[in-house]
Visitor: 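Sharing a structure here in C-alpha cells format.
Chain A is the first sequence line, chain B the second, and so forth, proteins listed ahead of strands; every chain is numbered from 1.
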Amino acid sequence: MRVTRLFGKTTRDVPAEADTISHQLMLRAGMINQLSAGVYSYLPLALRVLQKVEAIIRDEMNKAGSQEVLMPTLQPLELWETSGRVKAFGKGLFVLKDRKDRDLVLGPTHEEVITTLVARFVQSYRDLPQMLYQIQTKFRDEPRPRGGLLRVREFTMKDLYSFDVDEAGLDKNYDIMLNAYKAIYERCGLPAIMVEADSGAIGGKASHEFMLPTPSGEDEIICCSCGYAANVEKATCVKGVCLNDKPEPLEPVSTPGMKTIEEVASFMRSRPSQTYKTLVYVADNNIILAVIRGDLEVNEIKLKNALKATDMRLATEAEVREAGLWPGFVSPVAVDGFKVVADDSIDSGSNFIAGGNKPDTHFKNVNYPRDFKADIVTDIAAARAGGKCARCGGTLNSQQGIEVGHIFKLGTFLSTKLGANYNDEQGQSHPIVMGCYGIGVGRLLGAAIEQNHDDKGIIWPMPIAPYQIALCPLYRDGTPVGEIAEKLYAEFQASGLEVLLDDRKESPGIKFNDADLIGLPLRVTVSPRTLEKNSVEVKWRNKKDSELIPLDQVTAKMVEWTRSRPK
RNA sequence: CGGGGCGUAGCGCAGCUUGGUUAGCGCGCAGCGUUUGGGACGCUGAGGUCGGAGGUUCAAAUCCUCUCGCCCCGACCA
C-alpha cells in the first residue's frame, strides 16, 4: 500500500475526547473513528490488525477441532426470557421492536441462540462432543463506554461453545480451549496471563480470564512466584492465626467516640487483628451484616456470591440507623433479625473485640460461636499484595491487567432451561454439559497498544502489525531514490512481504514521525546517503540502532527477519 | 444512576465574564516558489447553520429556558 492512497490520516494533535493512550494513538494514527459513545469505525490499518488476529484465532479454533458457524445478531427477546437472563443483563441489553411490535434484542452474546441450535441438531450421545464458534459483532449497552476500544457498546468477539455428555467431557474440552487460548496470545506476540476468575452469579464451577498485563489495566491480578494467579475478585490468601488464649467471659467496655478499628484497637491496647469488623450491606433489599477480622477487608464480589444476591451495596448511614444499629458500633453480638455472613477468619483466634450495638460501647472477649451466630461462614476476604499465598506460603504480588479473554464451565443450567438434551446408550435423556469461551478482538487491539507503545507511538508485534515494513524513500531530485524505492517496493511484495510505501513528498521528519506513530515493526529508509553505499537503512521500531544493508540483500533479509523475530 | 467537565472550520483551541463591524489563531487542506536524515519557510487561497430549539433585545457565539451529544471519576460491567 502507498501512503498517498491509504485511507486515513495521521494527526499531530491529540483529539480532546481521548484520555487513554491506546485511544489517543489509534486516533492519531488514523486507525479508528468514533461515531457515538462506544461505537467506532475501523479504518484500513485497524481492520488489517483485526483480521490478522482473527486469522490466528480461526486457525487455533479449527486446530482444536471446532467448527465455525455464524449466528444472528437479531434475537427474539422471548428466547432470553426462556433462559432467564433478561434480568441478569438488565439494561445492558439493546432491545428493539419490529414492525409487528415484537420485541427483539441485539445479541450481547450467543449462548441462547447456539443452545437452541444445538438442541435442534443434537439428539444422541453419538452427536457429541461438539465445539462451535463464530466471530461476530456483539452489542452491549454499557453504562459507561470508555478507553477507546477497551470498553465499547458494539464489538467483535470470538465466541466458542462446547457441548459434552458429561463433566469429564467438559473438562477435557475446557483444557483443549485453555491451551488454544494460550497459543493464540503467544502467536499474536501478546503474552497473556491466565488467572482464576469469578464466574459471576450465572457462571458455573470454573472460570479463567486471560489478562494482558499493563499498568493502565482496570483489573487487578494477584499472583505468586509459585504460579498462582487470580483476579483480585476471586483471589484468596492466608489469613494467619491470631492469639488463641483460653476464652474469657464476654465483657462490655466503654469506648466513647471510638468508631474505627484503629481507634478501638489502640484504645484497648490491642491490634486490628484482634477485632471484628462488621459492615452493613443491603442485598436485594435486605439488610445483612458482614463480619470479618479487623485487619482484613471484605471482597464484595465474594460476599455477593455467598449471598447469591443479584444486587448488593453498602448501606447508607441513614439505613443503618433506621435498622436500629449504631454506625461505628455495629456487631454480630447481641443483635437479632439480620442475616449474618462471616468470613472464615472469625475463628482464627479468641477473645476478639467487637462492636457493642449501642453508642460508645464495644465488647471484649468475643468468641465464635459462643457469643454470636453466623448464617454463612465462608471466605469473603479480599486478598492483597503482601499477603501470603494459600498455595505455597510465598508473598503475593499484584499487577494491573486488561481482560482479553474469559472462559467458563457453564454446566447444564442453560441446556436445561432451553431443552438441549441428548439420549444416552440406554435411551435416557440428559441435559448437555456446556462451556463457553470468549475473546474480545477489538479490545485485544486496544490492549496490545496499551502494552506496546512509547512516547512516539505504537510498537506492533510482528504477527499482528497492519504491515510489516515501512518503506521510507527520502526523495531528492537528481537521485535514483524514487526509482530504487519503487523497485524495492515491487520486490518486497513479490516476496510476500507486507509493505507500506511512504511515497509522499514530505520531509524526513514527517515520514519518520508518522512511521513511529503507526508503529510498523521494520523501517527501511532509502536516501541519497544510503545509496552512496549502495545500501538501505533498516531499523526495528523497538530498537534504537539501525543498520545498513546492501540493496541486493535487503529483500532476503526482510523475508528472514519478518519470519524469525518474535517482535 | 450520582459527581465534574466540554460542544466555535477536518484536528487542537481563543473569543462568552461586561451582547455591538466581514467570528479569530495554530495545525491540516489547495496553488506557486525555495527547502529535504527527526514534524522547514515565504506568498496566495478555500473552508463556519458558533450542537439544536425557543426566548430576551434594535442587536446573541456571548444573557435566559429547554433539549441533544461527547468525555472524565464513581456506581455498574453473565
Side-chain angles (χ1 to χ4, degrees), chain A residues 8-20 23-24 27-28 30 33-39 80 83-93 107-112 138 140-148 150-153 155 157 159 197-204 207 209 218-219 231 233 300-301 304-305 310-314 316 403 406-411 413-414 434 436 438 440 443 455-457 472-479 481 502 504-517 523 525-532 536-537 539 544 546 548:
Chain A
K9 275 183 182 154
T10 58
T11 64
R12 201 181 309 206
D13 289 321
V14 182
E17 80 229 23
D19 230 40
T20 310
H23 190 198
Q24 291 179 352
L27 288 170
R28 287 190 51 211
N33 190 248
Q34 183 172 7
L35 186 61
S36 109
V39 180
W80 287 78
S83 74
R85 295 212 297 172
V86 173
K87 203 178 159 196
F89 266 93
K91 290 192 163 177
L93 271 184
T109 177
H110 283 73
E111 280 86 5
E112 276 74 3
K138 306 282 191 256
R140 296 184 189 181
D141 197 359
E142 293 287 344
R144 184 152 92 84
R146 70 185 91 166
L150 295 180
R151 184 175 294 285
V152 292
R153 299 196 296 167
F155 58 99
M157 184 180 200
D159 45 322
D198 174 59
S199 54
I202 271 178
S207 162
E209 288 167 332
E218 55 179 25
D219 285 301
N231 190 312
E233 295 174 350
E300 296 193 352
I301 292 184
K304 194 172 159 182
N305 288 343
T310 53
D311 187 47
M312 193 196 80
R313 59 175 172 81
L314 267 176
T316 62
E403 179 192 343
H406 201 161
I407 61 180
F408 297 80
K409 291 185 182 176
L410 288 177
F413 75 91
L414 274 173
M434 295 174 57
C436 72
R443 178 183 284 180
D455 55 350
K456 288 281 193 180
C472 289
L474 306 181
Y475 300 111
R476 187 182 290 172
D477 288 345
T479 71
V481 168
D502 194 346
R504 297 173 300 174
K505 307 287 185 281
E506 290 287 359
S507 68
I510 288 182
K511 292 192 176 192
F512 291 152
N513 279 301
D514 276 350
D516 287 345
L517 176 59
R523 189 184 76 197
T525 307
V526 187
S527 74
R529 192 196 286 181
T530 66
L531 290 182
E532 272 173 25
V536 293
E537 179 203 85
K539 182 184 173 300
K544 226 180 167 142
S546 59
L548 284 177

Visitor: Return the set of residues passing side-chain hydrogen bond (donor to acceptor under 3.5 Å, both in side chains) with A:Thr530 (not counting sequence neighbours), or none when no residue passes.
Guide: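 Counting only residues at least two positions away or on another chain, A:Thr530 forms no side-chain hydrogen bond (donor to acceptor under 3.5 Å, both in side chains).
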
Visitor: Under 4.0 Å, counting only non-hydrogen atoms across every strand here, what does A:Ser546 touch: a base, just sugar-phosphate, or nothing?
Guide: nothing

Visitor: Can you tell me the distance, in whole Å, between the CG atom of A:Asn33 and the C1' atom of B:C11?
Guide: 11 Å

Visitor: Over how many whole Å does the gap from A:Phe512 atom CZ to B:G38 atom C1' extend?
Guide: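 Spelled out: CZ on A:Phe512 to C1' on B:G38 is 7 Å.
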
Visitor: Side chains of A:Val481 and A:Arg476: closer than 4.5 Å at any heavy-atom pair?
Guide: no

Visitor: Can you tell me how far P in B:C66 sits from the matching atom in B:G3, rounded to whole Å?
Guide: 16 Å

Visitor: Distance check, C1' atoms only: B:C11 and B:C6, in whole angstrom units.
Guide: 16 Å

Visitor: Apply salt bridge (charged side-chain N to carboxylate O under 4.0 Å, His left out) to A:Asp219 and list each qualifying residue two or more places apart in sequence or on a separate chain.
Guide: none

Visitor: Looking only at atom P, what distance separates B:C77 and B:G5, rounded to whole Å?
Guide: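 B:C77 and B:G5 have their P atoms separated by 28 Å.
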
Visitor: Take atom C1' in B:G19 and the same atom in B:C58, then report the distance between them in whole Å.
Guide: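 The same atom, C1', in both gives a distance of 12 Å.
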
Visitor: Quick one: closest heavy-atom pair of A:Lys539 and A:Lys544, and the distance?
Guide: CE-O, 3.6 Å

Visitor: Of A:Ala18 and A:Glu111, whose closest RNA chain B nucleotide lies nearer the 5' terminus?
Guide: A:Ala18

Visitor: For A:Asn305 and B:A78, what is the distance between atoms CG and P respectively, to the nearest whole Å?
Guide: 11 Å

Visitor: Who does B:A75 pair with, Watson-Crick or G-U, both distances under 3.5 Å?
Guide: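 Check on B:A75: unpaired, no WC or wobble geometry under 3.5 Å.
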
Visitor: My understanding is that only residues two or more places apart in sequence, or in another chain, count here; which of them pass salt bridge (charged side-chain N to carboxylate O under 4.0 Å, His left out) with A:Glu537?
Guide: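 Partners of A:Glu537 under the salt bridge (charged side-chain N to carboxylate O under 4.0 Å, His left out) test: A:Arg523.
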
Visitor: Contact class for A:Lys87 vs. all strands (heavy atom < 4.0 Å): base, sugar-phosphate, or nothing?
Guide: nothing

Visitor: If you look at every strand shown and take non-hydrogen atoms under 4.0 Å, does A:Gly147 touch a base, only sugar-phosphate, or nothing?
Guide: sugar-phosphate

Visitor: Please give the distance between the P atoms of B:U56 and B:U65 as a whole number of Å.
Guide: 15 Å

Visitor: With a 3.5 Å limit on both atom pairs, tell me what B:C70 is paired to, counting Watson-Crick and G-U wobble, or say none.
Guide: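 Here B:C70 is engaged in a pair, and the nucleotide opposite it is B:G5.
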
Visitor: Nearest to the side chain of A:Asp514, which nucleotide is it out of B:G39, B:G37, B:C70?
Guide: B:G39

Visitor: Closest to the A:Glu537 side chain: B:G39, B:C71, B:G37?
Guide: B:G37

Visitor: Using a 4.0 Å heavy-atom cut-off, does A:Pro473 contact any base of the nucleic acid, only the sugar-phosphate backbone, or nothing at all?
Guide: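 Nothing: the residue A:Pro473, judged by heavy atoms under 4.0 Å, touches no strand.
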
Visitor: For B:U36, take OP1 and OP2 only and decide whether either is under 4.0 Å from a side-chain N or O of A:Ser527.
Guide: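 No, outside the criterion.
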
Visitor: Write down the partner of B:A40 under the Watson-Crick or G-U wobble criteria, each distance required to be under 3.5 Å.
Guide: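 The base-pairing partner of B:A40, which may sit in any strand shown, is B:U34.
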
Visitor: Rounded to whole angstroms, how far apart are NZ on A:Lys91 and C1' on B:C1?
Guide: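 Value for this atom pair: 8 Å.
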
Visitor: With a 4.5 Å limit on heavy-atom distance, are the side chains of A:Glu300 and A:Glu233 in contact?
Guide: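 Side-chain contact under 4.5 Å: no.
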
Visitor: Write down the distance between CG (A:Leu474) and P (B:G38), rounded to a whole number of angstrom.
Guide: 9 Å

Visitor: Do A:Asn231 and A:Asp198 come within less than 4.5 Å of each other through their side chains, counting heavy atoms only?
Guide: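 Not touching, per the 4.5 Å side-chain cut-off.
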
Visitor: If you restrict it to nitrogen or oxygen atoms, what contacts under 3.5 Å exist between nucleotides 25-30 of chain B and the protein, and what is each distance?
Guide:
residue	atom	partner	partner atom	Å
B:G26	N2	A:Asp13	OD2	3.2

Visitor: Just to be sure I understand the rule, does A:Gln34 reach a base, reach only the sugar-phosphate, or reach nothing, if contact means heavy atoms closer than 4.0 Å?
Guide: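 Answer is sugar-phosphate: A:Gln34 comes under 4.0 Å of backbone atoms only.
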
Visitor: From the options B:G38, B:G37, B:U36, select the nucleotide whose nearest atom is closest to the side chain of A:Ser507.
Guide: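 Comparing B:G38, B:G37, B:U36 against the side chain of A:Ser507, the answer is B:U36.
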
Visitor: I'd like to know whether A:Val152 forms a side-chain contact (heavy atoms from CB on, under 4.5 Å) with A:Glu142, so could you lay out the CA-CA distance, the side-chain angles of the two residues, the decisive distance to 0.1 Å, and finally the verdict.
Guide: CA-CA 7 Å; A:Val152 292; A:Glu142 293 287 344; over 6 Å; no

Visitor: Are side-chain heavy atoms of A:Glu111 and A:Cys436 found at a separation under 4.5 Å?
Guide: yes

Visitor: Hey, are the side chains of A:Val526 and A:Leu531 touching, using non-hydrogen atoms and a 4.5 Å cut-off?
Guide: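 Yes. Closest side-chain heavy atoms under 4.5 Å.
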
Visitor: Tell me which of A:Cys436 and A:Gly509 sits closer to the 5' end of RNA chain B, going by the nucleotide each one is nearest to.
Guide: A:Gly509

Visitor: For B:G24, what is the paired nucleotide under Watson-Crick or G-U wobble rules, both distances under 3.5 Å?
Guide: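 The base-pairing partner of B:G24, which may sit in any strand shown, is B:C13.
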
Visitor: Classify A:Thr109 by what it touches in the nucleic acid, base, sugar-phosphate, or nothing, heavy-atom distance under 4.0 Å.
Guide: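 A:Thr109: base contact, heavy atoms under 4.0 Å.
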
Visitor: Taking B:A61 as the reference, what is the distance to B:G24 when you measure between their P atoms (whole Å, please)?
Guide: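 So the two P atoms sit 13 Å from each other.
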
Visitor: To the nearest Å, give me how far apart CG (A:Asp502) and P (B:G38) are.
Guide: 15 Å

Visitor: Could I get a table of every N or O pair under 3.5 Å where one atom is in the protein and the other is in nucleotides 74-77 of chain B?
Guide:
residue	atom	partner	partner atom	Å
B:C76	N4	A:Arg146	NH2	3.4
B:C77	O2	A:Arg151	NE	3.4
B:C77	O2	A:Arg151	NH1	2.5
B:C77	O2	A:Arg151	NH2	2.5

Visitor: Expressed as a whole number of Å, how far does the C1' atom of B:A14 sit from that of B:A75?
Guide: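 My reading of the C1' atoms in B:A14 and B:A75 gives 37 Å.
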
Visitor: To the nearest Å, how far apart are A:Gln24 CD and B:C71 P?
Guide: 14 Å

Visitor: Under 4.0 Å, counting only non-hydrogen atoms across every strand here, what does A:Arg523 touch: a base, just sugar-phosphate, or nothing?
Guide: base

Visitor: Whole Å only: how far is the NZ atom of A:Lys544 from the P atom of B:G38?
Guide: 16 Å

Visitor: What distance, rounded to whole Å, do you find between the two P atoms, one in B:G10 and one in B:G51?
Guide: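 Each nucleotide's P atom is 13 Å from the other's.
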
Visitor: Any strand counts, and the cut-off is 3.5 Å on both contacts for Watson-Crick or G-U wobble. Which nucleotide pairs with B:U18?
Guide: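 Pairing partner: none.
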
Visitor: Measuring only between side-chain heavy atoms, which start at C-beta, is A:Arg443 closer than 4.5 Å to A:Phe155?
Guide: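 With C-beta onward as the side chain, the pair stays apart.
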
Visitor: Checking A:Arg146 now: which residues fulfil salt bridge (charged side-chain N to carboxylate O under 4.0 Å, His left out) with it, not counting sequence neighbours?
Guide: A:Glu218

Visitor: Sort out for me which residue in A:Arg504, A:Arg28, A:Lys9, A:Arg12 forms a side chain to side chain donor-acceptor pair (under 3.5 Å) with A:Asp514.
Guide: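 Result: among A:Arg504, A:Arg28, A:Lys9, A:Arg12, A:Arg504 is the only option passing the side chain to side chain donor-acceptor pair (under 3.5 Å) with A:Asp514.
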
Visitor: Is B:U65 paired to anything, Watson-Crick or G-U wobble with both distances less than 3.5 Å, and if yes, which nucleotide?
Guide: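 Pair assignment: B:U65 / B:A53.
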
